[in-house]
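Input: a single structure, listed below in structure tokens.
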Amino acid sequence: MTAAEQVTDRCVFHGEGPFWDSRAERLRFVDMLAGDIVTLLPTGTVTRRHVDDVAAVIREREAGGYVVATERSVQLLDENWVLEETIGVFADTAVRLNEGGCGPDGRLYVGSMGYGGGEGAGALYRLDRDRAVSTVFPSMTIPNGLQWSADGSTVFHCDTADNRITAYDFDSSDGTLTDPRPFVQLAEDSAGSPDGFAIDDEGGLWVGMWGGKAVHRYDDRGELSEVVTVAASNVTSCAFAGEGSSQLYITTSLEGVDADSEPAAGALFTVTVGARGAVTHRFAG
């Protein structure tokens, strides 16, 4: 068991979706419910950029710039953060986009959930390179954690409400997820529920445990192989970053937490682990 080191003071309310911006050589993540993109500078300080009422996911675009999932839309930004296009995903104001990522096929996949967390109120969507939006799964509660195996043949996803991580066969030609099978099933009384993921080049899945004060690593057979403790209850996600992709950065949330009793909730953490991150894919559109 390893303890993560706190990198920043509390800097977000609900940190999520960290990723390594390889062109700018910066770690970026979102303060989701504030609608802000947060960047960790080499000095250890952070900067913020407001994009919308919600900022759910940010990834690089192949052509330069960024793709950002917001409350109910996806924004395409150029390398200077200038908005090029807004693509609507759905219109229901009781639902917001939540978490996602880009696959080896260059598409963006992003989930949605009800503001009240209603069962089945969310879905998983796909944004193709031609800007077409499709529904991958029509009924989910809290879709989270989306990562592909190094060879791109398998995708891992979870619905946090089910306490289960599911593996699917992935077809990069049409972006379909088929043959669902349990990868990790946590007990109802487990210490925490699976949230956001990172994947290493050995096939290990690093899982932020909401309510669990930890990141769990599950090997390629779905067996728990390592635990990183975090000084905050609600661990939301993690990402490999930095030179050699050997640093694991961990985001946390203040949501549902007493601010005085958990001064580190909403801070960013890091830990050096004995693995390197697999490739993070860009949006091809």
Side-chain angles (χ1 to χ4, degrees), residues 1-2 4 14-19 29-30 32 56-57 97-101 103 109-114 117-124 136-137 139-149 154-168 170 177 180-200 202-230 232-240 248-253 255-257 265 269 271 273 275 277-278 280:
M1 188 175 293
T2 307
H14 186 71
E16 270 281 12
F19 91 103
F29 54 107
V30 298
M32 183 178 287
V57 182
L97 291 174
N98 190 42
E99 190 177 27
Y109 298 76
V110 59
S112 67
M113 61 177 286
E119 183 176 354
L124 181 67
V136 180
F137 298 134
S139 179
M140 305 199 78
T141 302
I142 310 176
N144 265 314
L146 197 65
Q147 289 290 344
W148 281 258
S149 60
T154 304
V155 62
F156 302 94
H157 190 232
C158 78
D159 191 327
T160 297
D162 296 336
N163 254 9
R164 180 174 59 249
I165 300 171
T166 303
Y168 300 86
F170 181 70
L177 283 64
R181 52 206 181 267
F183 181 68
V184 175
Q185 178 66 66
L186 294 162
E188 288 186 9
D189 60 352
S190 64
S193 299
D195 200 327
F197 306 158
I199 195 163
D200 65 38
E202 298 173 355
L205 199 64
W206 299 78
V207 182
M209 300 298 293
W210 178 269
K213 296 186 175 181
V215 173
H216 288 180
R217 181 190 188 268
Y218 296 94
D219 65 19
D220 56 5
R221 297 168 298 171
E223 299 292 331
L224 181 65
S225 60
E226 192 165 344
V227 175
V228 176
T229 60
V230 182
S233 293
N234 291 335
V235 180
T236 54
S237 192
C238 53
F240 287 94
L248 188 72
Y249 282 86
I250 302 163
T251 51
T252 65
S253 175
E255 186 174 10
V257 171
F269 293 79
V271 63
V273 296
T280 300

*What pairs with Arg221 under salt bridge (charged side-chain N to carboxylate O under 4.0 Å, His left out), at least two apart in sequence or on another chain?*
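Residues passing salt bridge (charged side-chain N to carboxylate O under 4.0 Å, His left out) with Arg221: Asp219.
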Quick one: closest heavy-atom pair of [X] and [Y], and the distance?
X	Y	value
Trp148	Gly101	CH2-O, 4.2 Å
Gln147	Ala198	NE2-CA, 3.9 Å
Pro18	Ala239	O-CB, 3.2 Å
Pro180	Thr166	CB-CG2, 3.9 Å
Phe197	Asp195	CE2-O, 3.4 Å
Gly196	Ser237	CA-OG, 3.5 Å

Listed by chain and number, what are the side-chain contact (heavy atoms from CB on, under 4.5 Å) partners of [X], not counting sequence neighbours?
X	value
Ala4	Val228, Val230, Ile250, Phe269, Val271
Glu226	Thr2, Trp206, Arg217, Val273
Ser233	Lys213, Glu262
Met209	Leu186, Val207, His216

Show me the donor-acceptor pairs within less than 3.5 Å that the side chains of residues 154-161 make with the rest of the protein, sequence neighbours left out.
| unit_1 | atom_1 | unit_2 | atom_2 | d |
| --- | --- | --- | --- | --- |
| His157 | NE2 | Asn144 | O | 3.4 |
| Asp159 | OD1 | Ile142 | N | 2.9 |
| Asp159 | OD1 | Ala161 | N | 3.2 |
| Asp159 | OD2 | Thr141 | N | 2.8 |
| Thr160 | OG1 | Asn144 | ND2 | 2.8 |
| Thr160 | OG1 | Pro194 | O | 2.6 |

Those residues that, when tested against [X], pass side chain to side chain donor-acceptor pair (under 3.5 Å) (two or more places apart):
X	value
Ser149	Asp151
Ser253	His14
Thr252	none
Ser139	none

_Asn163 side chain vs Ala187 backbone, donor-acceptor pair below 3.5 Å_ =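 Yes; judged by distance alone, with no hydrogens or angles, the pair exists.
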*Please check if the side chain of Thr236 supplies one atom and the backbone of Thr251 the other of a donor-acceptor pair under 3.5 Å.*
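Here the side-chain-to-backbone pair exists.
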_Looking at Gln185, I'd like to know if its CD atom is crowded, meaning that more than 12 non-hydrogen atoms belonging to other residues, nucleotides or ligands lie closer than 6.0 Å._
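Yes, because the 6.0 Å sphere around CD of Gln185 holds more than 12 heavy atoms from other groups.
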*Are Asn98 and Ser112 close enough, and set up right, to give a side-chain contact (heavy atoms from CB on, under 4.5 Å), and what steps lead you there?*
CA-CA 5 Å; Asn98 190 42; Ser112 67; 5.9 Å; no
*Roughly how far, to the nearest 0.5 Å, is the CG atom of Leu146 from the CG atom of Leu124?*
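Interatomic distance, Leu124 CG to Leu146 CG, rounded to 0.5 Å: 6.5 Å.
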*Roughly how far, to the nearest 0.5 Å, is the OH atom of Tyr218 from the CG atom of Leu224?*
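So the CG of Leu224 and the OH of Tyr218 are separated by 5.0 Å.
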